[in-house]
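These notes concern the structure reproduced below.
The sequence lines fix the lettering, A, B, ..., with proteins before strands; numbering per chain opens at 1. Please read these numbers as outputs of a predicted model, since none were measured by experiment.
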There are 2 protein chains.
Amino acid sequence: MVQYATTDLDMSFAVLADATRRGVLEQLGREAASITQLADRFHMTLTGMKKHVGVLEQAGLVVTEKVGRVRTCRIGARRLDDAAAWIERYQLLWDARFDGLDQVIDELKQREQSDATNDDRDNRGEGTR
Amino acid sequence: MVQYATTDLDMSFAVLADATRRGVLEQLGREAASITQLADRFHMTLTGMKKHVGVLEQAGLVVTEKVGRVRTCRIGARRLDDAAAWIERYQLLWDARFDGLDQVIDELKQREQSDATNDDRDNRGEGTR
DNA sequence: TAAATACTGAACCTCATGGTTCAGTATGCG
DNA sequence: CGCATACTGAACCATGAGGTTCAGTATTTA
């Protein structure tokens, strides 16, 4: 479908945006588990958990292996380095920006105060029709 | 339930799961911009970009200020520390898990070899934990 | 004052997500 | 064998995300 246009980074972050999936990752980080065990632990149907595991597996964050009728899930070889790297890069940008802007911010705060006496409504402009 | 204070983390990661939003953050990290400028840069309607900015603003990652008819967007005071922290914590878990399993894996490989000389082609040896 | 600019909000569209139920299939056990 | 267990897949559902258009409102500019 459409989804293949999305990048690894998109997928990494999207995967992490779900609390259940983060929980599963942490759980598997501690100990391998079957689908049933995970479903129980997160109060969800087998089918529902299977989907989450599928997402995690497709992202390379989890590997599974079926032995007999039991599918065992473990954390996968892929780390979250790309996501971590993006955030780290952004932190640098942020630091540079804010370090350089410290004076400007002070100025803005002062200006804000004088503006407040004048006009403090910013987003609710309609009074007249 | 076992879950975290899901909302913040959920939001942080969800915000980052969109390439446009990541781009906007990077852009604003370099230089403040109006909605129109951002919309142009990312080939999107004003309304569309406004929504993204709204999401970023609600997450505290962007602040905006309307002066006259122009709304100027800047990166906000909030850093991505919570997201970074989660990933970092997971990296530790991951390392511990995989470091701890190194010997096991080595053993398994060796066992594989001796098994191959035998007759048993079953190498799914993780049964014992 | 009239026209262009910049944003805003409502309504709508399409598609993905997170979850379910239900009906299988394969496996293990007594 | 016959039943319970464990997973699988299809179908369905509700919600929300990401985007659009269209019709405004407010501000600047000529």
### Message
Just checking B/Arg41: does its CZ atom have more than 12 heavy atoms from other residues, nucleotides or ligands closer to it than 6.0 angstrom?
### Response
no
### Task
Grab the NE2-P distance between A/His52 and C/dG19 for me, whole Å please.
4 Å
### Task
Would you mind telling me which residue lines up with the more 5' stretch of DNA chain D, A/Lys51 or B/Val55, judged by nearest nucleotide?
A/Lys51
### Query
Rounding to a whole Å, what distance do you find between A/Arg69:CZ and D/dT8:P?
13 Å
### Task
Examine the base of C/dG9 for any acceptor or donor lying under 3.5 Å from a partner atom in the side chain of B/Lys50, and report the outcome as yes or no.
no
### Message
So, OP1 or OP2 of C/dG18: does either fall under 4.0 Å of a side-chain N or O from A/Arg21?
### Response
yes
### Message
With side-chain contact (heavy atoms from CB on, under 4.5 Å) as the criterion, how do A/Ile87 and B/Arg79 come out once you've worked through the C-alpha distance, each side chain's angles and the decisive distance to 0.1 Å?
### Response
CA-CA 9 Å; A/Ile87 292 181; B/Arg79 305 179 52 179; over 6 Å; no
## Note on the structure
The nucleotide from C/dT8, D/dG19, C/dT20 with an atom nearest the side chain of B/Leu46 is C/dT8
### Query
Could you give the CD-to-P distance, from B/Gln58 to D/dA17, as a whole number of Å?
10 Å
### Message
Without decimals, in angstroms, what is the distance between A/Met49 CE and D/dA6 C1'?
### Response
15 Å
### Query
C/dT8 C1' sits how many Å from B/Glu57 CD, rounded?
13 Å
### Task
Measure the spacing between OG1 of B/Thr20 and NE2 of B/His52 and express it to the nearest 0.5 Å.
4.5 Å
### Query
Is there a side-chain polar atom (N or O) of B/Thr45 under 4.0 Å from OP1 or OP2 of D/dG19?
no
### Query
Rounded to whole angstroms, how far apart are CZ on A/Phe42 and P on C/dG19?
11 Å
### Query
With no angle test and no hydrogens, is the base of C/dG19 tied to the side chain of A/Thr47 by a donor-acceptor pair under 3.5 Å?
no
### Query
Please give, in whole Å, the distance from C/dT25 P to A/Ile35 CD1?
20 Å
#### Entry: A/Asp81 to B/Gln91 - nearest heavy-atom pair and separation
OD1-NE2, 3.2 Å
### Query
What integer distance in Å separates A/Lys66:NZ from D/dA6:P?
12 Å
### Query
Mapping B/Val70 and A/Met44 to their closest nucleotides on DNA chain C, which lands nearer the 5' end?
B/Val70
### Message
Tell me whether the count of non-hydrogen atoms from other residues, nucleotides or ligands lying under 6.0 Å of CD in A/Glu57 goes above 12.
### Response
yes
### Message
By the 4.0 Å heavy-atom rule, please label B/Gly48 as base, sugar-phosphate, or nothing.
### Response
base
